[in-house]
Amino acid sequence: MTARTVVTGTGHYVPPRVVTNRDLEKLMDTSDEWIRERSGILERHHVEAGIGTSDLAVEAARRAIADAGIDPATIDFIVAATLSPDHYFPGIGVLVQAKLGLGTIGALDVRNQCSGFIYALSAADQYIRAGTYKRILLVAAEVQSTNLDFSDKGRDMSVLFGDGAGAVILEPNTNGDGRGILSTHLFADGNFASHLWMEKPSPMDSPTFQTGFFEEGRFFPKMEGRNVFVNACQRMPEAVRAGLEANGLRVEDIDALIPHQANDRISLMVAKGLKIPGEKVIRNIDRIGNTTAASIPIALDEAVKAGRIRTGHLVVLTAFGSGYTWASALIRW
Ligand code: COA
């Protein structure tokens, strides 16, 4: 019997400092009302200076390891997804490995932004099903607050994003009960790369770091908000339908849908597009903001712990973001 990849533990961590919409009103020309109406966000978490993405990742990983009830020494591979690594290089995978004291196991870094968790899940799933690894730590984490433009110029972006991390432990399930990852579907269209990106630093510039770029704000992330919105509302339902079709399942079979928490209006449009009842859609952006790759595993952990996701449920994950990249994953929980 072919193994399926099953999630045996989940965990998440957000830094303690809560930043409300009212706090942001003090920094830029915005309002609590505007942010709530346009994004559904009431507050998000920001790190204190000196805390990096790998630190958040390690906390989330520790919680997932405890939840799985495993000895960390039995983890045989790490996959880490982030767009905000502690350093330009190396990625955070090796830092997580060293901070957790996981010896010399391999550590793969995935760079697919908001779709990063599902892309990473897909890679880990292939390793497990092929028998290459038996216990993978998959962690997705972001620190975005330290590089957002909190002036009026950057207000479209800076009100949306928050910091946080989520992690899962993945193992093979060969007992034939059908539990595990049913499929992952990954898509991308690089023609839209510049619609949601951080243009600088770029090694194409010589030297890479130039004072002028800082003055022009070109080291801050930028997006074409409306184009992102329209594409996200279209692409996530498409990815979910591709997954359902491949498995001979219908929208009515879904017990829990976890869309990437980009913007609550997008999540509601995705639900409407799929004609899935609101109570099946997991949404936590009001408290967490958009944490890019970390948003799905954070929401997943909360939903599992709250009993909204239970054994036997069909859980569907979907994401859309920078690249553009978009994806879905179907999991029999
Ligand atoms: N506070 C107050 N006003 C703001 C603001 C803020 N934080 N950000 C932008 N505005 C202003 C704009 O300057 C614009 O003013 P103008 O009409 O005088 O030019 C006005 O609000 C409307 O801007 P617009 O961009 O048309 O608003 P929108 O309805 O498209 O909503 C987003 C903006 C960013 C909320 C929306 O485009 C969005 O959610 N896009 C997708 C974002 C996303 O999910 N990104 C991550 C992808 S993973």
Side-chain angles (χ1 to χ4, degrees), residues 19-44 81-84 110-119 140 142 144-145 147-164 166 186-189 192-198 217 220-239 258-273 281 283-286 288-299 317-328:
V19 176
T20 64
N21 293 344
R22 295 262 180 243
D23 293 329
L24 294 178
E25 283 177 359
K26 293 173 201 147
L27 301 174
M28 65 186 90
D29 180 16
T30 191
S31 67
D32 176 48
E33 194 190 7
W34 192 96
I35 302 170
R36 277 172 195 254
E37 269 178 18
R38 301 298 178 109
S39 73
I41 299 169
L42 311 185
E43 58 190 38
R44 70 291 288 148
T82 188
L83 63 66
S84 51
V110 168
R111 287 289 312 266
N112 291 87
Q113 302 70 248
C114 300
S115 307
F117 180 77
I118 302 181
Y119 266 74
E142 306 287 359
Q144 328 216 53
S145 61
N147 190 42
L148 291 170
D149 181 357
F150 290 105
S151 75
D152 291 356
K153 227 170 125 197
R155 64 184 181 168
D156 60 328
M157 288 293 272
S158 56
V159 301
L160 298 177
F161 293 92
D163 304 337
L186 312 179
F187 305 93
D189 188 345
F192 291 92
S194 63
H195 281 57
L196 177 51
W197 73 345
M198 190 172 132
F220 290 124
K222 297 262 163 27
M223 77 176 167
E224 308 268 346
R226 282 192 183 174
N227 194 274
V228 172
F229 194 98
V230 169
N231 277 278
C233 293
Q234 182 191 332
R235 295 306 198 180
M236 282 194 273
E238 277 177 17
I258 308 185
H260 162 52
Q261 311 286 302
N263 176 324
D264 212 32
R265 283 194 303 152
I266 294 177
S267 296
L268 294 172
M269 290 292 281
V270 168
K272 198 172 159 199
V281 184
R283 294 152 53 209
N284 66 1
I285 197 169
D286 56 332
I288 306 285
N290 179 340
T291 56
T292 311
S295 91
I296 290 177
I298 293 174
L317 317 178
T318 186
F320 176 89
S322 165
Y324 290 151
T325 58
W326 62 102
S328 71

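Whatever order the structure lists ligands and atoms in, that order sets their numbers, starting from 1.
Checked by atom type, the side-chain pair Asp163/Ser145 shows a donor-acceptor distance below 3.5 Å. For the residue pair Asn21 and Arg44, a side-chain donor N or O sits within less than 3.5 Å of a side-chain acceptor on the partner.
Contacts of Cys114 with ligand 1, taken as heavy-atom pairs under 4.0 Å, involve the side chain alone. The side chain of His260, and not its backbone, has at least one atom closer than 4.0 Å to an atom of ligand 1 (non-hydrogen atoms only; side chain from C-beta on). Only the side chain of Ile266 comes within 4.0 Å of ligand 1, counting heavy atoms alone; its backbone N, CA, C and O stay farther away.
The closest non-hydrogen atom to atom 38 (C) of ligand 1, taken over Asn290, Asn263, Ile41, comes from Asn263. For atom 6 (C) of ligand 1, the nearest non-hydrogen atom from the set Ile285, Asn21, Thr30 comes from Thr30. Residue Val228 holds the heavy atom nearest to atom 43 (C) of ligand 1 of all those in Val228, Leu24, Asp29. For the residues Phe320, Trp34, Trp326, the heavy atom positioned nearest atom 33 (C) of ligand 1 is part of Trp34.
In this structure, the separation between CG on Asn112 and OG1 on Thr82 is 11.5 Å, given to the nearest 0.5 Å. Atom CG of Leu83 is separated from atom SG of Cys114 by 7.0 Å, given to the nearest 0.5 angstrom. Expressed to the nearest 0.5 Å, how far OG1 of Thr325 lies from CZ of Arg111 amounts to 11.5 Å. The CD1 atom of Ile288 sits 7.0 Å away from the OG1 atom of Thr291 when rounded to the nearest 0.5 Å.
Within the 4.0 Å cut-off (strictly below), no protein heavy atom is located near atom 16 (P) of ligand 1. Checking atom 3 (N) of ligand 1 against the protein gives a heavy-atom contact under 4.0 Å. Using a 4.0 Å threshold on non-hydrogen atoms, atom 9 (C) of ligand 1 counts as touching the protein.
A salt bridge links Asp23 with Lys26: at least one charged nitrogen is closer than 4.0 Å to a carboxylate oxygen. For the pair Arg36 and Glu33, the salt-bridge criterion is not met [side-chain N within less than 4.0 Å of a carboxylate O].
Qualifying side chain to side chain contact (heavy atoms under 4.5 Å, CB included) partners for Ala293, counting only residues two or more places apart in sequence or in other chains: Ala81, Ala140, Glu142. Here Gln261 pairs with nothing under the side-chain hydrogen bond (donor to acceptor under 3.5 Å, both in side chains) rule; sequence neighbours left out.
Applying the 4.0 Å criterion to heavy atoms of Leu196 picks out, from ligand 1, the atoms 47 (C). Interface atoms of ligand 1 facing Val159, defined by a heavy-atom separation under 4.0 Å, are 7 (N).
Scanning the protein heavy atoms around atom 25 (O) of ligand 1, the nearest turns out to be Arg226 NE, 4.4 Å. Here the protein heavy atom with the shortest distance to atom 29 (O) of ligand 1 is Arg38 NH1, 2.5 Å. Among all non-hydrogen protein atoms, the one lying nearest atom 7 (N) of ligand 1 is Arg155 O, 3.0 Å. For atom 34 (C) of ligand 1, the nearest non-hydrogen atom of the protein is Met223 CE, 3.6 Å. Scanning the protein for heavy atoms near atom 44 (O) of ligand 1, the closest one is Ala262 CB, 3.3 Å. The closest protein non-hydrogen atom to atom 40 (N) of ligand 1 is Gly225 O, 2.9 Å.
Considering both main-chain and side-chain atoms, Met28 never comes within under 3.5 Å of ligand 1 through any nitrogen or oxygen pair.
Residue contacts with ligand 1 include Arg265, since one of its heavy atoms falls under 4.0 Å from the ligand. Residue contacts with ligand 1: Met157 is excluded, as none of its non-hydrogen atoms falls under 4.0 Å. No heavy atom of Ile35 sits closer than 4.0 Å to any atom of ligand 1.
Between Phe320 and Tyr324, the angle of the ring planes lies from 30° to 60°, which puts this pair in the tilted group.
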Worked verdict on Glu238 versus Arg235 for salt bridge (Lys or Arg N to Asp or Glu O under 4.0 Å): CA-CA 5 Å; Glu238 277 177 17; Arg235 295 306 198 180; 2.8 Å; yes

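Other residues, nucleotides and ligands contribute over 12 non-hydrogen atoms within 6.0 Å of the CE atom of Met157.
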